[in-house]
Every structure is written in structure tokens, then in C-alpha cells.
4 protein chains.
Amino acid sequence: MADKKSKREAIIYSALKIFERDGFHKAKVEEIAKEANVGKGTIYEYFKSKKDLFCQMVKHMMDLYIDMIKEIVEENIDPITKLQHLLNLQLELAKKHGALGHMIQIETIKSGIGKDIKPYFLEFRKKTIGLIEKIIEEGIEKKLFKKIDTYVAALFFIGSSNQFAFEINFVRNCKDEYDHEGKLDVEEFMNAFLKGLIK
Amino acid sequence: MADKKSKREAIIYSALKIFERDGFHKAKVEEIAKEANVGKGTIYEYFKSKKDLFCQMVKHMMDLYIDMIKEIVEENIDPITKLQHLLNLQLELAKKHGALGHMIQIETIKSGIGKDIKPYFLEFRKKTIGLIEKIIEEGIEKKLFKKIDTYVAALFFIGSSNQFAFEINFVRNCKDEYDHEGKLDVEEFMNAFLKGLIK
Amino acid sequence: MADKKSKREAIIYSALKIFERDGFHKAKVEEIAKEANVGKGTIYEYFKSKKDLFCQMVKHMMDLYIDMIKEIVEENIDPITKLQHLLNLQLELAKKHGALGHMIQIETIKSGIGKDIKPYFLEFRKKTIGLIEKIIEEGIEKKLFKKIDTYVAALFFIGSSNQFAFEINFVRNCKDEYDHEGKLDVEEFMNAFLKGLIK
Amino acid sequence: MADKKSKREAIIYSALKIFERDGFHKAKVEEIAKEANVGKGTIYEYFKSKKDLFCQMVKHMMDLYIDMIKEIVEENIDPITKLQHLLNLQLELAKKHGALGHMIQIETIKSGIGKDIKPYFLEFRKKTIGLIEKIIEEGIEKKLFKKIDTYVAALFFIGSSNQFAFEINFVRNCKDEYDHEGKLDVEEFMNAFLKGLIK
DNA sequence: CATGAATGAGAATTCATTCAT
DNA sequence: AATGAATGAATTCTCATTCAT
């Protein structure tokens, strides 16, 4: 944590933790500083403002996420397994970072920081969708998938896997208050996604 | 706006508008009051606190939403058309109320108001999923759908239709910054949902 | 409570109760109204403002108090018994009205209502002291008391009997937290007052 | 005012001044801040709330007062002179701090902060009375005073000296409106206290 | 560079007072 | 005359940001 870069990162990860838990407005700069073991003033040496810190944190996480998807896309495995890996990644991240993704989406729409992260978010979304499309295109080329619109399919995958992750990581944690007891595992999900509803 | 009930409703709808745009924390009670054409103090005649107003608004919207889905479920049409109507409803609401649903989801998870709306949210989610499951069960009974886990299918529908609505209503509004030009219509979506990816 | 006068009085007595318990600033007009079984607006038919209500209430109580002392002064008994009756009155009122007297004294000094009740308070004080002086003068004339300065003696009586009343009515109610277990009765007090400390 | 401790004290003394003048409820935190030449927020760095500030101030003053009485009790002079010094102290403080003592008494009884300072007040009262009792016991031992109940005598001294101080410092300042022109000096008071009324 | 004490703009909330009914 | 819904001025408290050390 001695050199400049790692202190910046320490702050980013503390910010991640606090923003994740409290959302942008409820999060306190002082708590982020405490979490990072730095003084409150130090944060302002590395970031222009709370908003800037939030945006930098978001960018950082987006970049990491994109890298992780890229890795999967470039793996030497069949497209279906790639989608399965992607789903696993989603579940894992949701477990680690809660609804960070949703939060970013929301903050993008809301007034306030929206205008500052919108371009990054759109760029990120484009990249993510593009990478998923690649997997699907590969499946189409290999005659595994039908000639579906890859963009629609990608949206489909993102939306349903998010919902799936939310169900597993949040809703299922409120057992006392909730009670669906189905299997709800990855296989089940992939099956629905790949084969559709119709007989 | 003369009687007591409609003033309460006027405030709820102003709250909806402002919370939708700004989120819970950034929203100012004073602005909600102005929007409703009432004095700041009047809000506190009808609601205990800003948090209470938020929760009442959320409950109100959830009830309306549940009623709308119920209506669709009870329509005298085949299950596939029902799903299509549901998707249309989703798109319409997303257009009108932006990411309200997402916001509620987020606020439910985050510290702060979370504990106050969690029970309502879970109840709401249970009802919504239950209603969609009904449609799917009906499809299975009528031998239209395969014997899929109805819970998984419902989650699937919710997640992907949300994503679809988000794409259409938010992302496509940022044309300058974004540029996918596929069809992306309801038919395309239903097709993907019903038939799956695999050839 | 039908006629105008009794409604005014009902409000005064409700005000008394609430001001007594909460003091001027913490007392709420609405609560006084509720206590008096009248609407909030009705209070403003009878009193110009909260401050005015407070002052009228104070005046009312002062007048009653003066009447009660007068009655004692005019009783056909010896001066020492008169003083004893006065002390009993003090104890009784303290029991009924808590530290109302102290509160009026305080509010008289503090900024705010001070300037409005100061003249009444000073007038009241003058009368009270004057009446007590009368008793003492009577005692001096009847050769029961020494030729003490009646003004000083009156102050003495007021101060010490207040303290006595406070001890009995407030401090002794906090038994758990306090623990003097002396006799502390009226006789003891009168003895100290009349005979002094010195052997 | 450079070090932390003295800034806390500066705030305490500003609070003293404003609370003294306005009472707890009418006093504004902002004005206390201005008086102390600090920002409004600074007060909240040192005290949890307005109520906390009030209580800390009260405790501070009580401690100072107790120290001053202790000093008198330990002086190497006869008990009567000690009581005279105590009376002088009372007069001096009343001149400096108005009815602070009364105010504390009132706020202790009233709902609101009452429950927070009651224990301190009772402790303080116990100590004060205890110290005065010591002086009186000493007088009894030295055969100067008769075998009076020391507790009653102490209450007597406190009550009457308070009244005396109030008369001199407050009532006499309203000359235009008031007009008793007796001697009313310390000697007169001591005389009444020591020798009583009866011939 | 790093810090955290100091700041004050800004927000939620309260409540005396008004006024249409 | 009586009411209480509506109001907004006023107040406490929070917290992002600054800046002297």
C-alpha cells in the first residue's frame, strides 16, 4: 500500500464495498476513508469528489468485468459451455458484489451522477453485449444454434441470468420470508434458455 | 383534488415522479410538495416521514401492477397471447415509470429503507411470479408448453422482459451515443423466449 | 362548558396542565386544544397567541394564589398559625402544580415572554410579599416576633418554603436515586424558621 | 483557544451564556456557535446534540460550583463566617449567571431533558446539601448552633439565600417597576437565618 | 504527501398560525 | 362561533469539501 497506485486501489475497493452496501447517496466519504485506512483528506488527493470516486470505481469494475468475459469468450471450448461459464461468473459476482450491477444501472438513469457515467455505461454495455453476441455467432456458425438475432439473444441472456442471480443471492437469503423450494440450478437455467418453452 | 383521498394520491404520484427521477436519497421532500402543489408541511399530514412516503408509494404501485397482471391472467385468451400482453404491459410501464422496478429492487437490498420495504417487496415478487406461473401452467396443461419448471420459466420471463424494456426505453433513447439497429420487437422477443436458442 | 366564559377557563386549565408539564416552548398548542376538547383554531378565538395564552394563564393563577393568601391573612387566628397555614398552602400547590411557580419565575427572566409577564410578575411578587409582611407585622405588634425587617423575613419565608416544597414533592419522588430519611415535616420547618439556628 | 480542550470549553461557556439568557428550547445552536466563534458544525464535533451540549454544560457548572463550596467548607474560619461566605458566593454567582440554577431545576423536572440530567442534578443536590450540613454540624459541635436537623437547616439556607439572591439581582434591577427600599444586606439576612423570628 | 478539524450549505421535520368551510 | 387542514418559517443536524499543519 506504499506506492501511489496501490493506495488509489485500496480506496477504490473500499468505495466499492461501501457504495455496494449503501448506494451512492447514503455512503459516507468518511466511512470509505476509514475502510481504506486513510485520512478523509487523502481521498481528495486521488479523486476530485465523491462523485468522481464513484465513477472511477464503476469504471474500474467495468474494466475488470469486461476482462473476465473476454477470457471466457477466448477459451477453447464449445459455445454452450462458454454460456455456462458466463452464467457461473454472473452468479459468482452477484454473490460477491450484491446488486452492484443493478445499482450502476439505476444510478445511470437517475439524475445526479447519471450524466457522468452514462457514456461509460453505454460503452460497457455495448462491449458486454458484443462479447456475448460473439459466443452466439460462434454457435450459429457451428450449426449449434438457429439463426436467431444475436443481439436479442444476448439481451435475453443478460436479463435472465441477472434475474437468476438475484433470486439465488438475495431472495433465497430471506428464507423466513420466502419459500420457493425448486431446484433452480445452472442446468435448469441453461435448459430453459437453450430450448425455450414450446414443446 | 378536493377530498382527502385524492390529495393523498396526488402526493403519491408526485413522489413517484420525483423518486423515479432522483432515487430515494437525492429526492427532496420540498420538490415532491411543489410537484403536488401542496405545502411542505402538508406531506407530513399524510405521511409520517420521507421514508414512509416512499414505502406507501411503492406499495401503491405494487398493488396497481399486481392488478394489471391479474387482469391479463384472467383474460379469455391463449397462454402465449397472455405472455405477449404481459410483455406489452412491461414495455408500457417501463416507458412510463423508467426503472422504478429496478429502483425498488435496489432500495430493498441496500441498508436504510431496505428493512422497511423488504417484506412488501418479497410479497409482491411472490405474487408476480405466482401469476406468471399460472399462465405457464395453463400452457403446460394445454400441451402448448413442455413440462418445464414454472418457477424458473417465470424468472426467465421477468428477467428478460425487464432487460428488453430497459433496452428499448432507456438505451435506445441515447441514440447519439448508441447504435444497434436491429428489429428488437415484441415478436422477436417472444420467439426467443418460446423456442430457445438451440436448433 | 357552553358559555363563553367557561370555555375560556377550560382552555386556561388545559394550558396550565400542559405548560406545567412541558414548559412554554416544549408545550404544543394542539395538545392544549385536545386537552380542552376544543379545536386548535378555537384557542385563537380566545387568545391572541400561544404567548398570550401563557400570560393569561399565569395571570389567572397568580390571582387565585393571591386570593388564597388573602384568605389566610384575614383568618381569625394567631400569626404563627397563619404562617403554618401558608406553608401548608405552599406544599399543597407544589403537589398540585409542580414547579409552576419556579417556571413562571424562570420565564420571567428569560428572553422571549419575559418582557410580557415581568410587570405582572413583579406586581404579584409585591402583593405576595406584602401579605406575608402583614402577618409578620401582626406578630411584631402582638409582641410574638422580634422587631425584624418584615421584608427580609417575608423573602425568607418564601424562599425556604419553596425549597421545602421542592424537596418534598420532587426530590422525595426520586427515592431510588435519593435517600435522605429525616422527618422533614411542617413542624420541623416552622421551628427552624421561627427560632433560628443559634443556641 | 488553540488546543482541543479549550475549544470545547469555549463552546461550553457560549452555551452557558445563551442557555442562561434564553432557556434550553429557545436557545439556537447557531447562536451558540456564533458566540463561540466557531462554525455550526463544529459544535457537533464536540457534542452529540443540543441536549448533550446542555447536559455537559450543566455538569461543568455543577462541578465548578461544588469545588467553590468545598473551598469554603475547608477554610479555617468559624462556621458562621463560612455561611456568610457561602451567601456571598451565592450572590456573586446569581449576579454572574442569573437564574441558571433555577433553570436547571426546572429543566430537570420538565419532560424532555429531565431524564438526562436528573441523576446529575440529584447527585449535585446531595453533594451541595451535604457540604452545607458539614458547616452546620461543625457549628453544633462547637456549641454555636442548637441541635437542629442539619438537613432541614441546609435546605433552609439554600432556599432563603436563593430567594435573597433573586431579589437583589433580578428584582432590584427592575427599579422603575419595583420599589422596596429596605437595607437587605448580608448581615440582615444572616441575622434572620441565625436568630429566627421569635422574640 | 497525508491528515482530520473546521466549516456551512442543505435537508428533514416541527408547529404556531391562518382561513375556508 | 368553531374547526382542523394547510402552510412555511424556523430549527436541528449531516456530511462533502477545504486547508492549515
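All chains are named by letter (A, B, ...) in the order of the sequence lines, taking the proteins before the strands, and each is independently numbered beginning at 1.
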Discussion item. Taking the basic N atoms (NZ, or NE/NH1/NH2) and the acidic carboxylate oxygens, is any pair closer than 4.0 Å for A:Glu107 and A:Lys110?
Written reply: yes
Worksheet item: Whole Å only: how far is the CZ atom of D:Phe47 from the C1' atom of E:dA6?
Response: 15 Å
Worksheet item: Does the base of F:dT12 carry an N or O that pairs as donor and acceptor with the side chain of D:Lys40 under 3.5 Å?
Response: no
Worksheet item: Please give, in whole Å, the distance from E:dA12 P to B:Phe19 CZ?
Response: 9 Å
Item to complete: From the options F:dT7, F:dT12, E:dA6, select the nucleotide whose nearest atom is closest to the side chain of B:Glu45.
Response: F:dT7
Practice prompt. Would you please classify the geometry between the B:Phe19 ring and the B:Phe24 ring as parallel, tilted or perpendicular, with 30° and 60° separating the classes?
Written response: parallel
Worksheet item: When you check the phosphate oxygens OP1 and OP2 of F:dA1, does a side-chain N or O of C:Lys7 lie under 4.0 Å from one of them?
Response: no
Discussion item. Heavy atoms from C-beta onward define the side chain here; which of E:dA2, F:dT17, E:dA12 lies closest to that of A:Val29?
Written reply: F:dT17
Worksheet item: Nearest heavy-atom pair of B:Phe47 and B:Asp52: which atoms, and what distance?
Response: CA-OD2, 3.5 Å
Fill in: Upstream residue (5' side of DNA chain E) when A:Gly41 and B:Ser49 are each assigned their closest nucleotide
A:Gly41
Worksheet item: 5'-most contact on DNA chain E: C:Glu30 or D:Ile43, nearest heavy atom basis?
Response: D:Ile43
Item to complete: Measure the distance from NE2 on C:His25 to P on F:dA10 and round it to the nearest whole Å.
Response: 13 Å
Practice prompt. Could you tell me the separation between the NZ atom of A:Lys28 and the C1' atom of E:dA11, rounded to a whole number of Å?
Written response: 12 Å
Discussion item. Under a 4.0 Å threshold between the charged nitrogen and the carboxylate oxygen, would C:Lys118 count as salt-bridged to C:Glu123?
Written reply: no
Worksheet entry | Among E:dA16, E:dA6, F:dT12, the one nearest C:Lys50 by side-chain distance | E:dA16
Response to the item:
From the candidates F:dC13, F:dA6, E:dT17, the one with an atom nearest any side-chain atom of B:Thr42 is F:dA6
Item to complete: Could you work out which one of E:dT13, F:dC13, E:dA5 sits closest to the side chain of D:Tyr44?
Response: F:dC13
Worksheet item: For C:Leu53 and E:dA16, what is the distance between atoms CG and P respectively, to the nearest whole Å?
Response: 11 Å
Worksheet item: When we call it a touch if two heavy atoms are under 4.0 Å apart, what does D:Ala27 touch: a base, just sugar-phosphate, or nothing?
Response: sugar-phosphate
Worksheet item: Would you call B:Ile12 and B:His60 a side-chain contact if the rule is heavy atoms closer than 4.5 Å?
Response: yes
Worksheet item: What's the CD-C1' distance between B:Glu31 and E:dA11, to the nearest Å?
Response: 13 Å
Worksheet item: Atom NZ of B:Lys48 and atom C1' of E:dA12: how far apart are they, to the nearest Å?
Response: 15 Å
Discussion item. In terms of relative ring orientation, are B:His102 and A:His102 parallel, tilted or perpendicular, with 30° and 60° separating the classes?
Written reply: parallel
Worksheet item: Whole Å only: how far is the CD1 atom of C:Ile11 from the C1' atom of F:dA1?
Response: 12 Å
Item to complete: State whether A:Tyr46 places a side-chain N or O below 4.0 Å from either non-bridging phosphate oxygen (OP1 or OP2) of E:dA2.
Response: yes
Worksheet, complete the sentence: Partner of E:dA6 under the Watson-Crick or G-U wobble criteria, both distances under 3.5 Å, comes out as F:dT17
Worksheet item: Taking a pair as Watson-Crick or G-U wobble with both distances under 3.5 Å, which nucleotide is matched to F:dA1?
Response: none
